[in-house]
Amino acid sequence: MEDIEKFESVIGYTFKDKKLIHQALSHSSYANERKNPGGSNERLEFLGDSVLSIVVSEHLYTHLTHIAEGELTKLRASLVCEKSLHVFAQQIQLGKYLLLGKGEENTGGRERPSILADAFEAVIAAVYLDGGLEAARKHILRFLPEDLQHQKKPAFNDFKTILQEIVQKNPEEKVEYNLVGEEGPDHNKRFVVEVCLNSNVIGRGKGRSKKEAEQLAAKEALELMGYEAQ
């Protein structure tokens, strides 16, 4: 409880329901060791990803009225990618407050970008469920750079965005990413994701985080389409 109060002080938000922030800080390795898989932050991460996307999208739409949709999509991708979320998480020393299993603790889990990025999204969801969208928006916006127009583009190819830009030229087409498997122990897990176009699998990727697996699935799909992904 003391650590939770310290974390609340760091993020400037006090939870009415302490169970939410406890769950947001609980990695699956910690929950599994205590035989309580449902107590991990994975479901909160799923919700937090969506809340983050809508808040960032609305902010960019409202404040960058002169920028076209394609550029807004790329800018949003650079702000919500794992690399950026890792940086945001470091700003609040999120790794210090995580609840990890022994294996993850002993292999540097507190500093692992994928774990920190996922936990950052889980905290967003916890704030959203506890205090509503306005509380979540206030929490998220403190991390966004003031000069958004000159925000650096990601140093890597965002294959998901590239694939989406190609597909959206045909409005009837729909792209979906599905988690189809998990491999390995909690401290060295690999996620397997398939990307589908109108229910047809067009790419498959495996990575240390779901985001990485989605990017690699999109990369394979682009290569299938003849796009030379770097």
Side-chain angles (χ1 to χ4, degrees), residues 11 13 20 23-24 41-65 67-92 94 113-149 151-168 171 173-179 191 193-197 205 207 209-219 221:
I11 66 173
Y13 182 83
L20 282 170
Q23 184 175 355
N41 61 12
E42 290 182 343
R43 282 174 54 82
L44 285 174
E45 174 211 334
F46 165 79
L47 177 60
D49 181 74
S50 296
V51 176
L52 174 65
S53 182
I54 188 63
V55 168
V56 171
S57 297
E58 181 186 43
H59 189 73
L60 295 179
Y61 177 84
T62 302
H63 290 83
L64 300 179
T65 56
I67 294 182
E69 180 267 343
E71 287 303 308
L72 288 175
T73 299
K74 292 175 183 176
L75 182 53
R76 179 181 61 193
S78 74
L79 291 168
V80 304
C81 68
E82 183 177 295
K83 184 177 180 181
S84 291
L85 299 187
H86 176 219
V87 172
F88 299 158
Q90 289 177 313
Q91 290 174 10
I92 55 175
L94 182 53
S114 60
I115 289 179
L116 288 171
D118 289 349
F120 185 83
E121 289 181 329
V123 170
I124 289 173
V127 173
Y128 169 74
L129 291 173
D130 191 74
L133 184 58
E134 285 308 312
R137 179 182 286 110
K138 181 179 179 181
H139 173 69
I140 293 167
L141 293 184
R142 62 182 286 202
F143 296 98
L144 301 190
E146 292 184 10
D147 190 4
L148 285 168
Q149 188 171 349
Q151 169 74 4
K152 289 183 179 179
K153 299 296 188 295
F156 58 90
N157 269 329
D158 183 0
F159 300 115
K160 286 182 66 177
T161 296
I162 296 169
L163 179 61
Q164 187 63 39
E165 288 177 345
I166 292 173
V167 172
Q168 69 186 12
E173 306 283 0
K174 183 180 180 182
V175 171
E176 289 183 320
Y177 294 86
N178 300 313
L179 179 66
F191 297 90
V193 168
E194 290 179 346
V195 57
C196 299
L197 180 63
S209 69
K210 282 173 267 191
K211 289 182 176 62
E212 181 184 5
E214 288 174 355
Q215 286 287 347
L216 292 174
K219 181 176 185 285

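The first residue of the sequence shown is numbered 1, and numbering continues consecutively from there.
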> So, for Ala24 and Asn41, which heavy atoms are closest and what is the spacing to 0.1 Å?
Replying inline: O-ND2, 3.1 Å
>> Testing the basics here: between Lys210 and Val193, what is the closest heavy-atom pair and its distance to 0.1 Å?
In response: O-CG2, 4.2 Å
Close side-chain approach of [X] and [Y], heavy atoms under 4.5 Å:
X      : Y      : value
Leu129 : Leu44  : yes
Arg142 : Gln91  : no
Asp158 : Gln215 : yes
Leu79  : Pro145 : yes
Val80  : Ser53  : no
Glu82  : Ser209 : yes

With rounding to the nearest 0.5 angstrom, report the [atom1] to [atom2] distance, [X] to [Y].
X      : Y      : atom1 : atom2 : answer
Ile162 : Lys160 : CD1   : NZ    : 13.0 Å
Leu94  : Phe88  : CG    : CZ    : 13.0 Å
Glu71  : Leu60  : CD    : CG    : 11.5 Å
Ser114 : Phe191 : OG    : CZ    : 7.5 Å
Lys74  : Glu165 : NZ    : CD    : 5.0 Å
Leu52  : Tyr128 : CG    : OH    : 13.5 Å

>> Classify the ring geometry of His63 against His59: parallel below 30°, tilted from 30° to 60°, perpendicular beyond 60°.
In response: tilted
I'd like a table of donor-acceptor pairs (distance under 3.5 Å, sequence neighbours excluded) in which one partner is a side-chain atom from residues 115-124, with atom names and distances.
from: Glu121; atom 1: OE1; to: Lys211; atom 2: NZ; distance (Å): 2.7
from: Glu121; atom 1: OE2; to: Lys211; atom 2: NZ; distance (Å): 3.1

>> Under the rule for side chain to side chain contact (heavy atoms under 4.5 Å, CB included), what residues qualify as partners of Thr73, not counting sequence neighbours?
In response: Glu69, Arg76, Thr161
> Is a side-chain donor or acceptor of Tyr13 paired with a backbone partner of Gly131 at a separation under 3.5 angstrom?
Replying inline: yes
>> A quick test of your reading: do over 12 heavy atoms of other residues, nucleotides or ligands sit less than 6.0 Å from CZ of Phe46?
In response: no
>> Show, in sequence, the C-alpha distance, side-chain angles and deciding distance for Val127 and Val51, and conclude whether the side-chain contact (heavy atoms from CB on, under 4.5 Å) test is met.
In response: CA-CA 10 Å; Val127 173; Val51 176; over 6 Å; no
>> Can you list everything that forms a salt bridge (Lys or Arg N to Asp or Glu O under 4.0 Å) with Glu58? Sequence neighbours excluded, please.
In response: Arg137
